[in-house]
Each structure stands twice: as structure tokens, then as C-alpha cells.
Amino acid sequence: MDQNSTLATLFFIAVIMLVVLAVFLWNKWKHRQWLDSRLRGSWGKVPDREYRAEELESISHYALHHRQGKFYVDDITWNDLGMEEIFMLLNNTVSSCGEEYLYYMLRTPERDQEPLDRREELMQWAASKPEERLRLQKILYGVRRTSLSLSDYIYILKDIPRKNTGKYKLLALLPVVCVGLIFLDPALGILALLGAMSFNGVVHHRESTEIEKYLKCYQCILSMVAVADEIGKWKNPNPVLAPYFQRILAGRRGLKGFRRGAWLVTENSEVKDDILAAVLSYVKIFFHVDLIKFYSMLGQLDGHEQDLEGLMENIGLLDACMAAASYRAYLSLYCRPELTDAREAWFEGKSLYHPLLENPVANSIAARGQILLTGSNASGKSTFLKTVAINTLLAQSINTCLAEVYRGSFLKVLTSMALKDDLQGGESYYIVETKSLKRILEEAEKGEPMLCIVDEVLRGTNTVERIAASSRILASLCRPHVLAFAATHDIELTYILEEAYQNYHFEEEIRDNQVIFNYLLRQGRATSRNAIRLLELIGYDGRLVREAQRAAAEFEDTGIWRALGKDELCW
């Protein structure tokens, strides 16, 4: 080949390499532009992400692992209040750590002001420093969401059996010994080499299958370490961020040994046709370098669980607080709560509204005792109860309330609202309800400030026993450290409990033969009798409606239900 041909060949190779490099750089630039646009566009917006049931279940596991020593919102309360929908509304996080920590914050409301103040600092930083926030979000994006909870992947590592790597090292020497034997006896050496390679291949296939399911765990850890690397490049971080960055970098230092040579295990080549990848695969098969490295890395993790926890917690906290700040930017009205450590349970809210309603009606209330709500179906009782409870949880998790003013004591929150028969357990609605109420009564015995929400006490039984039992259950909640909100259709309770419970109600209007609900909270017990009037509007027989109204009036006057005569039957 002459010199010109050689130069032409070299030029062609150089052009190909430049094209490949240009395509790589172009794709990298486009990805950066896409990520920048996505993060800027999502700020202050409701996330449009859809969730599978198993995905939400997985996200909850970090909270389950870390609930010790915290008040944990139980499943009944969480489901009554629709808190998974609230979580989805807030979840503008960019990382697996972030969404799991955000869920944890909502599920374990704080009972102390200090952690809320730290979160507030981060939220204010995120809102006031958009370019810094964007830079941090791009870094945290490196801890991508996975099919399992990140915390699940981390805790799975504890269950992996530890193995001595001596066996693999001896097997790795076999091919080397066989190569040396070739120089002494070529035929025997080649035969021994083939046997050693076959044997190592069989062993590697069996052993690598066992560890393959754990490789994702390693990749998750390495992704957090890579995020720590990027944070380490951040010069002179904002003082608000500095302590979290320091803890993240401390975690990275503790995992220095783990990451060394990790590519031998985790790079199981995504590029299947790559020559180097193919060569590396054969090296792994015949010399067990990936098995040796896998168990070596596992050993490096022992004793560094706190470093892992520190990475997860601090990356998660930063991301979750940025998501909470984004939610604030979405809200038309919000306030920071004013919380006290008082042993007495109390609460005051001005213009409180529900986060999931498109056009919510705001209501105000001040409660330093127990509250009893009356009113017809669909008048707004249940929504108001949920509004109070949800805002209490948001106040003690993201330091944000959907209100003009929110003041009160730190409160545990328990509800008994949207209960159902337990068909699988063979329990009736009444049994389910009594068990739900019992857990509230038991919590009240602990003497810690709490908010309990009860919707329709003991609706699963007859009127006489319901009023008798529910009045005593509600009376037993009249304690200084308990703030009870209860809704009922039983007007009798408003009289039985009037010394202990403040009465509030919602009412509707009949206007132009239509039922109009204004959803405004009013003081006093409900006095309207529109339930019977609605029968007339729907088209019930006029005599039936008049007789029902007369019977209700007689009962109010005498307190006795009169038996119907024969002439009043089957008209």
C-alpha cells in the first residue's frame, strides 16, 4: 500500500471517528436540553405521571423501614384522607430517593419544629434560587427511578449470603496452570486447558445466576455515589445546601472501597456487539473476576450501612423539599403554619380548603374543644373533615397549609371515615367500624395531643344502640389533649353532647325546585328538614311527603314515634 492510500485510509478512519464523536456529543447535548426544558417546565405544575398500584406500594417501603420512633399515619387514616392522591399531586421529585423521602415525610408527620425549620430553609432556597435549584435537580436526576424501591434494593443486600472468594481465586488459577503445562506437554496442556475452561464455565454460569438478581442493588448504590461525585464538584455551595452536601460527601468517602473496580461487576455490557465487551465476558467466565469482585464489594459494604443511609436520606431530603417548593408555586393560596408544643390540643384555621378540589370552598374554624358536625348528605361534612386532617398532616410534613392562617399544636392524626365490610375476613361493617374506633380510643389513652376525625359514628347498627353507644364514645374523647371532629346525622347527639361539643353544620337551599349546596360552615346544629322535601322534588306522592313531615314534627314535639293506624297504611 503506497503512502497516499495509507493517508486516505487514516483520513477515512479519522472522519468516521469524528462523526461518531459528533453524534455522541450531539445526543448528549440534546439530552441536556431536554432535561433542562423538562425541569423548567415542571416547576409549579401538577405532575402528569401515572402510577401502578405496585409502584406506589414500592415507594412506601422507605417509610416502613424508617418509621421506628416516629408517629406513623396508619393505613385507615392514609386511605380515608386520600393521601396517595396528595402524594401524587406533590411528587415533582426527580430521583428515586426524592420520591421515597417525600412519601416518608407525609407518612411520618413531625412532632417538633426543628426539622420543619430545616425543610423550610431548603424550600425557600429552591424558590429563590432557580438556577441553583435547576443545577441540583440535574445532578439528582442521576438516581433514576427503578422497578423496585431504592430502599428495597439496599436492604436486599443484607440478605445476600457472604462467601469466601478463595474458591473462585483457585479456579481462576486453573487456566493459568494449564497454559504453563502446554510448554511441558502441549497435548496434555491443551486438553487440560479445555477441561479447565469448560469446568469454570459451568461453575460461572451457576454462580453468576445467583448474583445477577443483586446487580441492580450495586447499580443503585453506584448511582448515588456518582451523584455525590457531581456534588463534590460544586464549589462554594449556598450555606443552606452546605451541611447536606457535607453529609453526602461523607457517605461517598465511606464507600470509596466499594466503588473501586465496580465496572467488572456492573458493566455487563449493554453494548452486546462491542468487541471489548465480548472479551471481558470471556474473561469473567474463565477467570471468575466478576464473582471475586462481587463478594469483595459486598464485604466493603459491611459496616458502612450508615454511609448508605446518609446518602439516601440527604439526597432524598433535598429532592423532596424542592418538590414541596414547586407545589407551593402551584398553589393560589397557602401559608406557613404556626405550631406550638402545647400539651393541650387546639387548632385554628382561616380559609382552609381541600387540595384535590378544582374549585374548593374555603372555611374557617377555631377549635379548642370538640366539634360536632351535622347536615344532610353531600352538604360538605366529610370534605371539611378531610380538609382539617389533610392540612394538619401537610403542616407537620412540608410546613405548608392550604389556608390563609393555620395555627395549632402538634397533633397525631387518626380517622375513621371511609370504612367497608371486610368480606375476606368475614367481618361486618359494624365490626370493622368498632375496631377502627377502638384504635382511636386506645391512642387517646397515651396522653399525647391528637386530632381524631370520625364520620358517622356507628352507622352500622340500629338507631337506639347507635345513639347510646356513639354518645358515650364521643364523650370519652373529651380530654384536653384530644381534638375530636365528628359528623353525624343523629341530631339527638347535638343535645346529648351539647355540654362537651361545639355544634357546627352545613346546610342546603331549595331554590327553583333544585337543591343548592353552598358548602359553607355555620355555627349551631342543623335545623333544615330538606331530606323529606327532596322526596317531593323527585316526584314522590304528595300525601306520602305530607305524612312524613307531620310525623317528624310530632316526634320533635313529643320525642315519641306514633304507631300508624290502619287507615294510614297502603293509601
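Along the sequence shown, residues are numbered consecutively beginning with 1.
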Enquirer: Within this structure, what is the CG-SG distance for the pair Leu393 and Cys401, rounded to the nearest 0.5 Å?
Expert: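 So the gap between those two atoms works out to 10.0 Å.
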Enquirer: Under the ring pair (Phe, Tyr, Trp, His ring centres under 6.0 Å) rule, collect the residues that match up with Phe71, sequence neighbours excluded.
Expert: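 So Phe71 forms no ring pair (Phe, Tyr, Trp, His ring centres under 6.0 Å) with any residue.
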Enquirer: Can a salt bridge be assigned to the pair Lys446 and Glu443 using a cut-off of 4.0 Å between side-chain N and carboxylate O?
Expert: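 Answer for the salt bridge query: yes.
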Enquirer: By the salt bridge (charged side-chain N to carboxylate O under 4.0 Å, His left out) test, which pairs, at least two apart or in different chains, include something from residues 318-339?
Expert: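 Listed once each, the pairs are Glu120-Arg328, Glu120-Arg336, Glu338-Arg407.
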Enquirer: Can you check whether Ile440 reaches Leu477 side chain to side chain, under 4.5 Å on heavy atoms?
Expert: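 Of all side-chain heavy-atom pairs linking Leu477 with Ile440, at least one is under 4.5 Å.
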Enquirer: State, with a plain yes or no, whether a side-chain heavy atom of His481 is found less than 4.5 Å away from one of Glu448.
Expert: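 Result no, sub-4.5 Å side-chain heavy-atom pair not found.
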Enquirer: Tell me whether Glu507 is salt-bridged to Arg525, with the criterion being a basic N under 4.0 Å from an acidic carboxylate O.
Expert: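 A salt bridge is absent here (no side-chain N lies under 4.0 Å from a carboxylate O).
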Enquirer: If I compare all heavy atoms of Asp152 with all of Ser58, which pair ends up nearest, and what's the gap?
Expert: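 Result for this residue pair: OD2-OG, 4.2 Å.
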Enquirer: Could you tell me which residues satisfy side-chain hydrogen bond (donor to acceptor under 3.5 Å, both in side chains) with Tyr504, sequence neighbours excluded, listed by chain and number?
Expert: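 Testing Tyr504 for side-chain hydrogen bond (donor to acceptor under 3.5 Å, both in side chains), a comparison that skips the adjacent residues, returns Gln523.
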Enquirer: Verify whether one side chain among Glu99 and Ser95 offers a donor that lies under 3.5 Å from an acceptor in the other.
Expert: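 Judged by distance alone, the side chains do not pair up.
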Enquirer: Any heavy-atom pair between the side chains of Leu331 and Tyr353 that's under 4.5 Å?
Expert: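 A side-chain contact exists here, since the closest heavy-atom pair is under 4.5 Å.
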Enquirer: Can you measure from CD (Glu433) to CD (Glu456) and round to the nearest 0.5 angstrom?
Expert: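 The CD atom of Glu433 sits 9.0 Å away from the CD atom of Glu456.
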Enquirer: Looking at the rings of Tyr327 and Tyr334, which for Trp means the six-membered one, are their centres under 6.0 Å apart?
Expert: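 No, too far apart.
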Enquirer: Hey, what do you get for CD1 (Ile390) to CD (Glu85), rounding to the nearest 0.5 Å?
Expert: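 Rounded to the nearest 0.5 Å, the CD1-CD separation comes out at 9.0 Å.
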Enquirer: Locate the shortest heavy-atom distance separating Ala250 from Asp307; write the atom from each residue and the value.
Expert: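 Heavy atoms of Ala250 and Asp307 come nearest at O-OD1, 3.9 Å.
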Enquirer: Is the shortest side-chain heavy-atom distance between Phe245 and Leu136 below 4.5 Å?
Expert: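 The answer is yes; the side chains approach within 4.5 Å.
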Enquirer: Is it true that Ser60 and Tyr104 share a donor-acceptor pair across their side chains at a distance under 3.5 Å?
Expert: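 There is no such pair between these side chains.
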Enquirer: About how many Å separate NE2 of His354 and CG of Asn391, when rounded to the nearest 0.5 Å?
Expert: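 Rounded to the nearest 0.5 Å, the CG-NE2 separation comes to 9.0 Å.
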Enquirer: Looking at Glu57 and Arg52, is there a salt bridge between them, counting it only when a charged N and a carboxylate O are closer than 4.0 Å?
Expert: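 No salt bridge links Arg52 with Glu57.
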Enquirer: Can you give me the closest heavy-atom contact between Arg479 and Ala444, atom names plus distance?
Expert: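 The answer is NH1-O, 3.7 Å.
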Enquirer: Answer yes or no: is there a side-chain heavy-atom contact under 4.5 Å between Leu134 and Arg40?
Expert: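 A side-chain contact under 4.5 Å exists here.
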Enquirer: Give every residue pair that meets the salt bridge (charged side-chain N to carboxylate O under 4.0 Å, His left out) criterion with at least one member in residues 389-403, sequence neighbours excluded.
Expert: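 Sorted result for residues 389-403: empty, none.
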Enquirer: Would you say Ser470's side chain and Leu458's backbone share a donor-acceptor pair under 3.5 angstrom?
Expert: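 No; judged by distance alone, with no hydrogens or angles, the pair does not exist.
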Enquirer: Please walk me through it: do Asp455 and Ser382 pass side-chain hydrogen bond (donor to acceptor under 3.5 Å, both in side chains)?
Expert: CA-CA 7 Å; Asp455 195 4; Ser382 297; 2.5 Å; yes
Enquirer: Donor-acceptor pair, Arg107 side chain versus Val73 backbone, under 3.5 Å?
Expert: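 Pair found, side chain donor or acceptor close to backbone of Val73.
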Enquirer: The criterion is ring pair (Phe, Tyr, Trp, His ring centres under 6.0 Å); which residues satisfy it with His66, sequence neighbours excluded?
Expert: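 Here the qualifying residues are Tyr62.
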Enquirer: In this structure, are over 12 heavy atoms from other groups packed under 6.0 Å from Tyr51 atom OH?
Expert: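 Check passes, neighbour count above 12.
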Enquirer: Could you work out, with side-chain contact (heavy atoms from CB on, under 4.5 Å) as the rule, every residue matching Ser476, not counting sequence neighbours?
Expert: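 Only Leu441 meet the side-chain contact (heavy atoms from CB on, under 4.5 Å) criterion with Ser476.
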Enquirer: Pairs in or reaching into residues 388-404: which pass salt bridge (charged side-chain N to carboxylate O under 4.0 Å, His left out), with residues at least two apart or in two chains?
Expert: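 Passing the test, one end in residues 388-404: Lys350-Glu404.
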Enquirer: Is there a side-chain contact between Leu451 and Phe485 (heavy atoms, below 4.5 Å)?
Expert: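 The answer is yes; the side chains approach within 4.5 Å.
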Enquirer: Which heavy atom of Thr93 sits nearest a heavy atom of Ala320, and at what distance?
Expert: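 Nearest pair, atom of Thr93 first, then Ala320: CG2-CA, 4.1 Å.
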Enquirer: For Pro337 and Thr400, work out which heavy atoms get closest and say how close.
Expert: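 Minimum heavy-atom contact is CD-N, 3.9 Å.
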Enquirer: To the nearest 0.5 Å, tell me how far Leu493 CG sits from Thr374 OG1.
Expert: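 Answer for the CG-OG1 pair, Leu493 versus Thr374, is 10.0 Å.
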Enquirer: What pairs of donor and acceptor atoms, side-chain ones from residues 310-317 against any protein atom, are under 3.5 angstrom apart with sequence neighbours left out?
Expert:
from   : atom 1 : to     : atom 2 : distance (Å)
Asn314 : OD1    : Arg247 : NE     : 3.0
Asn314 : ND2    : Gly310 : O      : 2.7

Enquirer: Could you pull out the closest heavy-atom pair between Gln113 and Asn399, with the gap in Å?
Expert: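 What the structure gives for the nearest pair is NE2-OD1, 4.3 Å.
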Enquirer: Indicate whether the side chain of Gln306 and that of His304 have a donor and an acceptor atom separated by less than 3.5 Å.
Expert: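 Judged by distance alone, the side chains do not pair up.
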Enquirer: Only counting residues at least two apart or in another chain, list the ones meeting ring pair (Phe, Tyr, Trp, His ring centres under 6.0 Å) with His61.
Expert: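 Not a single residue meets the ring pair (Phe, Tyr, Trp, His ring centres under 6.0 Å) criterion with His61.
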Enquirer: Counting heavy atoms not belonging to Gln68, are there more than 12 under 6.0 Å from its CD?
Expert: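 Counting other residues, nucleotides and ligands, CD of Gln68 exceeds 12 neighbours.
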Enquirer: Would you say Lys438 has more than 12 foreign heavy atoms packed within less than 6.0 Å of its NZ?
Expert: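 Incorrect, the count does not exceed 12.
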Enquirer: Go through the side-chain N and O atoms of Thr77 and Asp80 and say whether any donor and acceptor fall under 3.5 Å apart.
Expert: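 Note: Thr77 and Asp80 side chains miss the donor-acceptor criterion.
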Enquirer: For the residue pair Glu508 and Ser376, confirm or rule out a side-chain donor-acceptor distance under 3.5 Å.
Expert: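 Judged by distance alone, the side chains do pair up.
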Enquirer: Quick check with a 6.0 Å cut-off and a 45 degree axis cone: is Arg133 positioned over the face of Trp125's six-membered ring?
Expert: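 No, cation not above the ring by the 6.0 Å, 45° rule.
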Enquirer: Kindly write out the residues that satisfy side-chain hydrogen bond (donor to acceptor under 3.5 Å, both in side chains) with Ser326, not counting sequence neighbours, or none if the list is empty.
Expert: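 Residues passing side-chain hydrogen bond (donor to acceptor under 3.5 Å, both in side chains) with Ser326: Asn92.
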Enquirer: Take Ser96 and Glu100 through the test side-chain hydrogen bond (donor to acceptor under 3.5 Å, both in side chains) and record every step on the way to the result.
Expert: CA-CA 6 Å; Ser96 180; Glu100 292 180 38; 3.1 Å; yes
Enquirer: Under a 4.0 Å N-O cut-off, is there an ion pair linking Glu131 with Arg135?
Expert: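 No, Glu131 and Arg135 are not salt-bridged.
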Enquirer: Side-chain contact test, heavy atoms from C-beta onward, threshold under 4.5 Å: evaluate it for Leu394 versus Ile86 and give yes or no.
Expert: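 The answer is yes; the side chains approach within 4.5 Å.
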Enquirer: Would you compute the distance between atom OG of Ser471 and atom OH of Tyr501 and round it to the nearest 0.5 angstrom?
Expert: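 Rounded to the nearest 0.5 Å, the OG-OH separation comes to 10.0 Å.
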Enquirer: So, using ring pair (Phe, Tyr, Trp, His ring centres under 6.0 Å) as the criterion, who are the partners of Tyr103 when residues are at least two apart?
Expert: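 Applying ring pair (Phe, Tyr, Trp, His ring centres under 6.0 Å) to Tyr103 gives Trp78, Phe87.
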Enquirer: Looking at Phe410, is Arg111 sitting on its ring face, NZ or CZ under 6.0 Å from the six-membered ring centre and within 45 degrees of the normal?
Expert: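 So Arg111 doesn't make the cation-pi contact.
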Enquirer: Are the charged groups of Arg439 and Asp74 less than 4.0 angstrom apart, N to O?
Expert: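 Yes, this pair counts.
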Enquirer: Is there a donor-acceptor contact under 3.5 Å linking the side chains of His489 and Asn377?
Expert: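 His489 vs Asn377: donor-acceptor pair found between side chains.
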Enquirer: Is there side-chain contact between Ile453 and Met417, with heavy atoms separated by less than 4.5 Å?
Expert: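 Yes, close enough: below the 4.5 Å cut-off.
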Enquirer: Under 3.5 Å, sequence neighbours excluded: what are the donor-acceptor pairs made by side chains of residues 363-372?
Expert:
from   : atom 1 : to     : atom 2 : distance (Å)
Asn363 : OD1    : Leu521 : N      : 2.7
Asn363 : ND2    : Tyr519 : O      : 3.0
Ser364 : OG     : Ser351 : N      : 2.8
Gln370 : OE1    : Ala484 : N      : 2.6
Gln370 : NE2    : Val482 : O      : 3.0

